[in-house]
Structure formats: C-alpha cells, structure tokens
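For the numbers below, each heavy atom of this structure counts, side chains included, while hydrogens, waters and symmetry mates do not. Letters A, B, ... are given to chains in the order of the sequence lines, protein chains preceding strands, and every chain is numbered from 1.
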There are 2 protein chains.
Amino acid sequence: MGYSVGQVADLAGVTIRTLHHYDEVGLLSPGGRSAAGYRIYEESDLERLQRILFYRELGFTLEEISTIVDDPRTDALGHLRRQRGLLAERIKRLGAMVEAIDYEMEARTMDIRLTPEERLEVFGEFRPEDYAEEAEQRWGETESYKESRRRVATYKKEDWQRLKAEEEEVRARLAAAMEEGLAPESEEAMAAAEAHRQHISRWFYDCTYEIHLGLTDMYVGDERFRSNYDATAPGLARFIREAAHANASQAGTDR
Amino acid sequence: MGYSVGQVADLAGVTIRTLHHYDEVGLLSPGGRSAAGYRIYEESDLERLQRILFYRELGFTLEEISTIVDDPRTDALGHLRRQRGLLAERIKRLGAMVEAIDYEMEARTMDIRLTPEERLEVFGEFRPEDYAEEAEQRWGETESYKESRRRVATYKKEDWQRLKAEEEEVRARLAAAMEEGLAPESEEAMAAAEAHRQHISRWFYDCTYEIHLGLTDMYVGDERFRSNYDATAPGLARFIREAAHANASQAGTDR
DNA sequence: TCTAAAGCCTTACGTTACGTAAGGGTCAAG
DNA sequence: CTTGACCCTTACGTAACGTAAGGCTTTAGA
C-alpha cells in the first residue's frame, strides 16, 4: 500500500507544506485518500514527484514544470534524456563561473585590475560555448580543491605581502633563466616553472599540471597578462608557457 | 561619471526593478545620485553587485547575501575562495544527478525496476561524497553529449523494441565468448565489449571509454545489475567488465 | 481500555524577491 | 521646442512556499 505525506516528504527531502501546495495547484495530487481523508501517494505519484523535483532544481517554475511533465509526447526515456541535457548545460555554466573566478584570482596576483564589465560578463548573456573546452579540463579538480582550500584557509594581510614577494621571486627566477639564454626545456627553466605551479597550489588552489597548462596558455593568449609578464622581460610570458609545458610532459612521462 | 541603472542592468543581465529592489532593502545602494535624483553607480558598486549575483545564483537569500558580503572578516580573495568552494559543491551535486540519470537509463535497458526510494534518494539528503569519485570521471563528457543527443532525438516504441533486441544480441555475443572459454582480453571479447559501448552510444549518450569503465564497474558492484547479467550466464557481469577494461586500454595505447 | 504523543486535515495570513503598471520628471537630438 | 528614450517614486500583484491555529486520527504504551 501507499505512502503518507510525511513519508513522502522524508523520502524526497521536501516539507509537507510543499506537497500540500503541489496538491492545491494540481501539480501532484495523490492517487487516493484514506477514509479519514489522509493523502495516500502511490508509486506513480512518487515517480512524478521525482521529475517535478528534478526540473525544479534546474530552476523551472511550477507552471513550466506542469507543462513539461504533462507533455504526452515525452515518455520516461525522453525525460531522462532531457534532464541529462539540462544538467549538462547547468554544469557548463557553473564551470564558466569557476573559470571566471580562477581568472580573477590570477589577475589579482599580478595586480591586474579587471573592469566591472569584465567581471559582470559571466552574468550578462548566457554564452556557454565560450568557456567550454578550457573549462572542461578544470572541473576535474573540483574534488581535490576542497582539501587544498582547508590548507590555505586562514591568511590575511601580511600573508598577502608574502604572496606577492614569492610571486615576484618565482617570476624573477624564470626571467633569469630566460635572460641567461637557457631553453624552456632546460632543467632550470622547468624547475622554475614547477616552482610557479607550486606557488599557485600553495596560495590559491591545487594546481594540477593540466590546470597549469591552461593557466600559462592564458598568460600568452590574454593581452593583459602577457603585457604584464613581458614588462618584466620581453617574451617572458611565452617562455613561462613553454617551460610549463616541458615540465608537465616530463612529469607525465617519468612515473 | 558612473553608470546609470539601465547601463548596470544591461551589464549584469538583471532588470532595473531588481536594482531598485536592492536599493530599497539596502543591499546595494548606488554611490551617488545626480542632481535630478538619478542613481549613479560607481565601480565599487559593480564589484559588490557581482558578488551579490554570484551568491544569488548559488541560492542564497538576499538576507544571507547581505551578511556574507558585509562580513568584514572576508576580503576580496576570501570571497573568491568561498565562491569557488560553493561552486565545487554545486557541481558535485549536479554530477550526482547525472549519475542518477545514467543509472536509471541503464536500469531501464535491462528492465530493472527502481523503487521510488531509490529514485528519490538523490534529493533526500545531501551526501555529495558518495558519488564524488565516479561522477568526476563522467562530467568530462557533458560537452560531447549534446551532439550525441541530437542524433538520437526522435525514436519511439518500435525503436524501443529494436533497442532491446540489440541489447540482447550484444549480451549474447559476450556470453558466447565467455562460454567458449575465451579470455576477456581476447579479440572476440574486446570486440563484443566495443559493440556494447557503441550500443550505449547509439541509443543513449556518447559513451566514452572512461564512462564505459565506470558503467561496467557498476555491473559488477551493483547487486541487481550483476544478478541480471549473471542470470544470462554466471560470471558474465565480471567478464563484461574485464573485456571493457581490456578494450579501453587497447584503445588508449594504439593512437 | 484509556490516553498521550505523533501524524494528518483545512483554513488563512505572512514572506521573499521581485513583476508590472501608473503617473510624472529629465535629457539629448532633431 | 518637442519627441522619444530614460529615470523617478508609489503601489498593487505574484509565485512558492513558511508558519501558525484549531481540530480530527491513529498508534504505542500504561
């Protein structure tokens, strides 16, 4: 036999009031009532509820949801497919936001001031395409990030100074290697690139080799980052990038 | 000169009314007013707005947001770190939902009926840990999925029958290989595993090698899937899994 | 068998985060 | 100097529940 409101509420993680509301507006009416008027939900009701909650989580209004779940052209499999597609879009958007944050963190390290236009860009239009490929590489590290976040949880102003000092040190080390005429593939350059990667990991987030590649690619691709590095020494942005690539592929091969 | 409401609204992708509202409740009051009483937003206001929108997107109430953004203990970098952490959690949750969908799609192919409890589980408690590692592998394919979805957009009941027939064929092929005493690493077994992977890709979503590994791992790990396969031939679940692994590592090495 | 806690009912007003006019100034361009 | 685009405040409307209030029902235990 069926489920009571309270049971359904517990199962689905919603309040009783919510179920009452869905009944009121006709979005989800229980299959039957007991003699005393208690709502009795059947399996099919729960199936419907699951769909409702799914679409709700994705930000649809109840009105939209009712047209979606009542659409006779969409069967169970169709719903699953649609839901999967919507989730993919949503994840993509959040990935773009992570991107934007990483970007700003980096900009901050180097005293590059972002204009409000740039900072608000991610909210403006929905252009999921833009960040797609690059973002994809980075979502992988959301897991390990949490741990690294705990490590760097509590530093303030003086730490900020040390951060800056360390960044300049790393940068100087790379510049020195370049000005000595060393190749990006040289031991010194790769070691400096590795120091750079660890610098990011220590102060910001767990910077994997893959992320490091994306980051240094940006140093070259983004005008402002490039000019900032090239101000220290012309060609430095590209040098860092290549050293990072060499370092990553070495790390990739010798395990 | 600063920005007018309309300009800010356009930049941030919100309505003017929203900005008025934020002004009303004291969440975001523009830095100044013109002689005629027009709101004039400064850069710092836009920075604040960006934070507000960020936390809003993540589901905080305006009240919560005002305590978050006004917290004097949190500086700019602190916000970035926090935002990144929140995004990571959110992505993890969506990943769990994708997991649940894939799981149900698979169950459906094999006529395994899920109980409502199982189907609602993902909404019940927030246990992001559970799905974490496995989900992580799968998010990667959100990109390619969209394309594959277009391909398989419009099939119905008779297709469903063909799907079932094809699934049984693939399964029979694997069972045959196993009963002939062939190793999972044999050409035949790997070819059958590859056929299985392509079957999933054709009917459901773009099944990469990595996803295929996760899927076949589940065939062994999940009681109901395992017993379903083992009903065809004892040990088949494990055989499929190993053939899939062999197939994936071969595909990985010969490019 | 009685009772108290736990669960359910309906009715109804409150709340959040805006949407949607209405009525009326402001400003740059033609 | 007027017209269209933009801004103001005031105020009621709405969606999706939250939060009682007042009153039956059911069930575990004395």
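- Using a cutoff of 4.0 Å between basic side-chain nitrogens and carboxylate oxygens, R84(B) and E104(A) are not scored as salt-bridged.
- Of the inter-residue distances, the one linking L28(B) atom CG with Y41(B) atom OH reads 5.5 Å to the nearest 0.5 angstrom.
- Axis orientation changes by 10° from one end of the helix from dT1(C)-dA30(D) to dG30(C)-dC1(D) to the other, with each end axis drawn from 5 pairs and the value rounded to 10°.
- Residues from residues 18-36 of chain B with heavy atoms under 4.0 angstrom of DNA chain C, sorted by number: T18(B), H21(B), Y22(B), A36(B).
- Take A35(A) and apply the side-chain contact (heavy atoms from CB on, under 4.5 Å) test, not counting sequence neighbours, and it matches no residue.
- Counting to the nearest Å, the C1' atom of dC8(D) and the CZ atom of R17(B) are 13 Å from each other.
- Counting heavy atoms from C-beta outward, D45(B) and R48(B) have side chains that stay 4.5 Å or more apart.
- Electrostatic pairing of R90(A) and E57(B) counts as a salt bridge here, judged by a charged N lying under 4.0 Å from a carboxylate O.
- Separating the CD1 atom of I16(B) from the P atom of dT9(D) is a distance of 12 Å, rounded to the nearest angstrom.
- Of the residues in residues 41-55 of chain A, none lies under 4.0 Å from DNA chain D by heavy-atom distance.
- At whole-Å resolution of the value, CZ in R39(B) and C1' in dC7(D) are 9 Å apart.
- In this structure, the side chain of T74(A) does not engage the main chain of G78(A) through any donor-acceptor pair within 3.5 Å.
- Each of L62(B) and Q7(A) was matched to the nucleotide of DNA chain C holding its nearest heavy atom; the match closer to the 5' end belongs to Q7(A).
- The side-chain heavy atoms of L19(B) and E24(B), taken from C-beta on, include no pair separated by under 4.5 Å.
- Per the geometry, CD1 belonging to I40(B) stands 14 Å off C1' belonging to dC6(D), to the nearest Å.
- Salt bridge annotation for R51(A)-E47(A): present, with a cationic side-chain nitrogen under 4.0 angstrom from a carboxylate oxygen.
- The six-membered or imidazole ring of Y219(B) lies near that of Y229(B), with a centre-to-centre distance under 6.0 Å.
- Using a 4.0 Å cut-off between a side-chain N of Lys or Arg and a carboxylate O of Asp or Glu, R33(B) and D23(B) qualify as a salt bridge.
- The side chain to side chain donor-acceptor pair (under 3.5 Å) test applied to Y55(B) returns H79(B), R82(B), not counting sequence neighbours.
- Side-chain atoms of Q7(B) come within 3.5 Å of backbone N or O of S4(B) as a donor-acceptor pair.
- Running 5' to 3' along DNA chain C, contacts with non-hydrogen atoms of chain B at under 4.0 Å begin and end at dA17(C) to dC27(C).
- Taking CD1 of I52(B) as the reference point, atom OG1 of T18(B) lies at 11.0 Å (rounded to 0.5 Å).
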